[in-house]
Amino acid sequence: MANVYVLNGPNLNLLGTREPQTYGHATLKDVETLCRTTASRHKLDVQFRQSNHEGELVEWIHEAAREAIGIVINAGAYTHTSIAIHDALQAANIPVVEVHISNIFAREDFRHHSYIAPVAKACLCGFGIEGYALAIIGLVKINESFAAKRR
């Protein structure tokens with residue numbers, strides 16, 4: 001079965017308790033369940049991971065480059081600060097969909113810039129945790145389109 005990597009950055013382990021007015025009441029376990037359910041409908045397996053450490057996220061991106069059809073990433077605050085994650089995603093050379101639970105463009109100015117967006121096929125923000133399901137479906141469509149072009 002093909003793999004999709006769903007990578008989550010710093011503080012996403014606090015979902016459900018951290019700023020519920022911004023991020024809602026769903027937990028990271030709820031996000032994982034949603035991702036696994038969505039992926040299984042499309043005959044995909046999910047490698048679901050979360051880290052508060054930038055280097056660990058970079059290592060997982062390298063791993064995904066060898067093992068996955070694409071990456072869904074919510075890099076949290078690293079979205080706005082990490083050139084290392086940008087470079088790893090670019091080097092991975094597989095489709096990337098950037099996800100944010102909240103609408104980052106309706107928040108503080110420093111959240112309006114993403115180092116991930118230039119290397120992502122798509123960006124989703126403001127859909128709550130449903131953005132993860134949409135991102136997985138998007139990766140399926142991107143891969144179907146790519147396969148059709150190769151025929």
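The figures that follow rest on heavy atoms only: side chains count, while hydrogens, waters and symmetry mates do not. Quick caveat: nothing in here was measured; it's all calculated off a predicted structure.
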Chemist: Nearest 0.5 angstrom please: Cys35 SG to Asp30 CG, how far?
Modeler: 11.0 Å
Chemist: Are side-chain heavy atoms of Thr17 and His25 found at a separation under 4.5 Å?
Modeler: no
Chemist: With a 4.5 Å cut-off on side-chain heavy atoms, are Asn74 and Leu7 touching?
Modeler: no
Chemist: Once rounded to the nearest 0.5 Å, what's the spacing between atom CD1 of Ile61 and atom CZ of Arg66?
Modeler: 12.0 Å
Chemist: Locate the shortest heavy-atom distance separating Met1 from Asp45; write the atom from each residue and the value.
Modeler: SD-N, 3.6 Å
Chemist: Is Pro95 close to Ile69 at the side-chain level, that is, under 4.5 Å between some pair of heavy atoms?
Modeler: no
Chemist: Could you tell me whether the side chain of Asn3 reaches within less than 4.5 Å of the side chain of Val46, counting heavy atoms only?
Modeler: no
Chemist: Can you name the side chain to side chain contact (heavy atoms under 4.5 Å, CB included) partners of Thr37, sequence neighbours left out?
Modeler: Thr33, Arg41
Chemist: Between atom SG of Cys125 and atom CD1 of Ile104, what is the distance when rounded to the nearest 0.5 Å?
Modeler: 5.0 Å
Chemist: In Å, rounded to the nearest 0.5 Å, how long is the span from CG of Asn143 to NZ of Lys121?
Modeler: 10.0 Å
Chemist: About how many Å separate CD1 of Ile73 and NE2 of His100, when rounded to the nearest 0.5 Å?
Modeler: 9.0 Å
Chemist: Quick one: are the ring centres of Tyr78 and His80 less than 6.0 Å apart?
Modeler: no
Chemist: Is Val119 close to Glu98 at the side-chain level, that is, under 4.5 Å between some pair of heavy atoms?
Modeler: no
Chemist: Where is the tightest heavy-atom contact between Leu124 and Gly131, given as atom of each residue plus distance?
Modeler: CD1-O, 3.4 Å
Chemist: For a quick test of reading the model, state the closest non-hydrogen atom pair linking Ala75 to Pro10 and the distance between them.
Modeler: O-CD, 3.4 Å
Chemist: Test your reading of the model: is there a side-chain donor-acceptor pair from Ser82 to the backbone of Thr79, 3.5 Å cut-off?
Modeler: no
Chemist: Examine Val31 and Leu44 and state if one hydrophobic cluster contains both, with Ile, Leu, Val, Met, Phe, Trp and Tyr joined whenever side-chain heavy atoms are less than 4.5 Å apart.
Modeler: yes
Chemist: For Arg18 and Leu12, indicate whether the former's side chain and the latter's backbone hold a donor-acceptor pair under 3.5 Å.
Modeler: no
Chemist: If Ile, Leu, Val, Met, Phe, Trp and Tyr residues are connected whenever their side-chain heavy atoms lie under 4.5 Å apart, and connections chain through other members, are Val99 and Phe127 in the same group?
Modeler: yes
Chemist: State yes or no: do Tyr115 and Ile71 share one hydrophobic cluster built from I, L, V, M, F, W and Y residues joined by side-chain heavy-atom distances below 4.5 Å, directly or via other members?
Modeler: no
Chemist: Identify the two heavy atoms, one from Ala26 and one from Ile129, that lie closest to each other, and give their separation to 0.1 Å.
Modeler: CB-CD1, 3.8 Å
Chemist: Would you call Arg49 and Glu32 a salt bridge, taking side-chain N to carboxylate O under 4.0 Å as the test?
Modeler: no
Chemist: Would you sort out whether Tyr5 and Glu63 count as a side chain to side chain contact (heavy atoms under 4.5 Å, CB included), showing the intermediate values?
Modeler: CA-CA 9 Å; Tyr5 274 54; Glu63 182 181 308; 2.5 Å; yes
Chemist: How about His53 and Leu57: do any of their side-chain heavy atoms sit closer than 4.5 Å?
Modeler: no
Chemist: Have Asn52 and Glu54 got a donor and an acceptor in their side chains that come within less than 3.5 Å?
Modeler: no
Chemist: First locate atom CG of Asn8, then atom CD1 of Ile101, and finally report the distance between them rounded to the nearest 0.5 Å.
Modeler: 7.5 Å
Chemist: Taking the side chain as every heavy atom from C-beta outward, state whether Leu28 and Gln50 have any atom pair closer than 4.5 Å.
Modeler: yes
Chemist: Are Ile94 and Ile85 co-members of a hydrophobic cluster defined by side-chain heavy atoms under 4.5 Å apart?
Modeler: yes
Chemist: Which is it for Glu130 and Leu34 under the side chain to side chain contact (heavy atoms under 4.5 Å, CB included) test, yes or no, and what are the steps along the way?
Modeler: CA-CA 8 Å; Glu130 286 299 320; Leu34 174 65; 4.1 Å; yes
Chemist: Taking all non-hydrogen atoms of both residues into account, name the closest pair between Ser114 and Ile116 and its distance.
Modeler: OG-N, 3.0 Å
Chemist: May I ask whether Val96 and Tyr132 are part of the same hydrophobic cluster, defined by side-chain heavy atoms of I, L, V, M, F, W, Y residues being less than 4.5 angstrom apart, directly or through others?
Modeler: no
